[in-house]
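Notes follow the structure.
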Amino acid sequence: MAIIDIKNVSVSYNSHEALKDISCKVETGDFIGFVGPNGAGKTTLIKAIFGLVPVKEGNIELFGTPAKKFTNWDKIGYLPQQSTSINPLFPANVREVVLLGLLSRKKWPRKITRHDRTKVDEIAEKLKIGHLKKRMFSELSGGQQQKVLLARCLVSEPQLLIFDEPSTALDPDSRESFFELIKDLNIKSKIAVILITHDTGYVGRFAEKLLYLDKNLIFFGKFSDFCKSEKMGLYFGEHHQHIICHQHHDASDKHHHTHYPPHDAIEGEKI
Amino acid sequence: MNLISFLQYTFIQKAFLAGAFISVTCAALGMFLVLRKMSLISDGLSHLSFGAIAVGLFFGVYPYYIAVPLVMAGSYLILKITEKAKVYGDASIGIVSAVGIAGGVIIASLSKGFNVDLFSYLFGSILSIRTVEVFLSLLLSLTVLTILYFYYWDLFSATFDVEYAKTTGIKTNKINVILTLLTSLVVVLSVKVVGVLLVSALMILPAAAALQIANGFRSAIFIGCCFSLISVLAGITFSFFLDLPTGATIVMINAIIFALALLYKKIS
């Protein structure tokens, strides 16, 4: 059974078509990079999965259940784009923020138990943020905040993690260790990961599969297949295809120098 | 007169009892409004309550029986105008608020008989609170606090990170409606304490002061409620002994607490 099964999905905002005829599957243990230029529909596709935008055509199934009837949201951990969604004045401490991750498995009236607090403490220790538990979330550094939000995702023991541009708030060192942590979770705990980014050069170091969107589905499959594909070579231009694949093949080399091709270059080479 | 004999007055006891419940309710709800940038909805709804109270007085009906449903309907209207009319929330608050005041003024000019009554609602008159109003305050305060208790985590999540809250199955639109309807109830209650013109202060100031010094959300709500309670009880007492208007005294004490909280934050 696929974790997510998307079949021929189209989404429109008023008359503007944001996604057209998208089909893909997310399986257990997958690490998929959702890539595409700004406005390509990456976040829209995630919103469609969560039922936050109406799907015009097609079907989405989550863990074998039609998305509209799906209620086990604790199986999916989501890290939204940090800068836009979090209330910066909110006086929450770290423990309270992580507790929010357990609400998805509770029915109204949602109450937090002693067992829940223990779970939060355990996940905080695991992610090495135990010493921050009583600190105010708003006073932490970008890297620390990201780890707290990751703990919020992980505390409900999800089978799928979705990250929307997680590196935006991070400096290069924090970004490196954050992605290493995600990769580790993916390999050791078999948690499927969807990583949304417009950074085509970076994602291949960690993801096994690539989904390239530009309102339409340009490519979905393994990186190795992407690299061999003549069609993709024509679409992206050999140079850019090589950069993405080069990154992928060097995934084990931690000292590898990273290229960040301007995404204008991708669009410029389209056929 | 000493403090003991002051506390033996029945009207002071009633004012303390109703004031205590209303102040705690205002602060708890106000915390969510302040953090959601919805503080001014209390201002708009208090203006609407002015119109609603005028309608009640005009028809000779007990004003709160008219004000509660009318202001609740107004709060729902604010949400609908924001949703349907392509304007931001502050503009729809402005619309409903203006209609409330304008309606109140027109009705007052038509009647000519109850202007004095109506204007007592502008500045509050908790020292003249009636027994039925004390019971109404207790009942509505307990209702609001109970609903806040049962929706605490939903409200927390939707206020801290609305996008994330949606993905955990929390119906954030429903939370908005609940919060707005509760605000309308609390606004009508608070009109008796501080008056139409100062209701928003009772909801904003304790929360704003608590946010300066709290180290967690639960503690922020607790501190806000304490500040609000102190301000109302002290405001009633000082206004009585110094012969000052009660509503305005409560608000000034709140403002002093806010200034002290800011100072404490700066020093620590």
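Lettering of chains follows the sequences in order, A, B, ..., and the numbering in each one begins at 1.
Closest approach of B/Ala214 and A/Met136 over heavy atoms only: O-CE, 3.6 Å.
Under a cutoff of 6.0 Å and an axis angle of 45°, A/Lys111 and B/Tyr149 form a cation-pi pair.
Neither the backbone nor the side chain of A/Ile76 has a heavy atom closer than 4.5 Å to any heavy atom of chain B. Residue B/Leu35 touches chain A through both its backbone and its side chain, counting heavy-atom pairs closer than 4.5 Å. Proximity to chain B is absent for every atom of A/Lys106, based on heavy atoms less than 4.5 angstrom apart.
Rounding to the nearest 0.5 Å places CH2 of B/Trp153 at 5.0 Å from CD1 of A/Ile112. A/Asn87 CG to B/Lys37 NZ: the interatomic distance, rounded to the nearest 0.5 Å, is 7.0 Å. The line from OG of B/Ser157 to CD of A/Glu96 is 12.0 Å long, rounded to the nearest 0.5 Å. Taken from CG in A/Asp74 to OG1 in B/Thr168, the straight-line distance is 10.5 Å, to the nearest 0.5 Å.
Across A/Cys153, A/Pro109, A/Pro91, A/Ser104, the residue that shares the most heavy-atom pairs under 4.5 angstrom with chain B is A/Pro91. Ranked by heavy-atom pairs under 4.5 Å with chain B, the list A/Leu99, A/Leu103, A/Ile49, A/Thr71 is led by A/Leu103.
Ring geometry for A/Trp108 versus B/Phe150: interplanar angle of 30 to 60°, hence tilted.
Separation of the B/Tyr164 and A/Tyr78 ring centroids does not fall under the 6.0 Å cut-off.
When the salt bridge (Lys or Arg N to Asp or Glu O under 4.0 Å) test is applied to A/Lys42, no partner is found at least two apart in sequence or on another chain.
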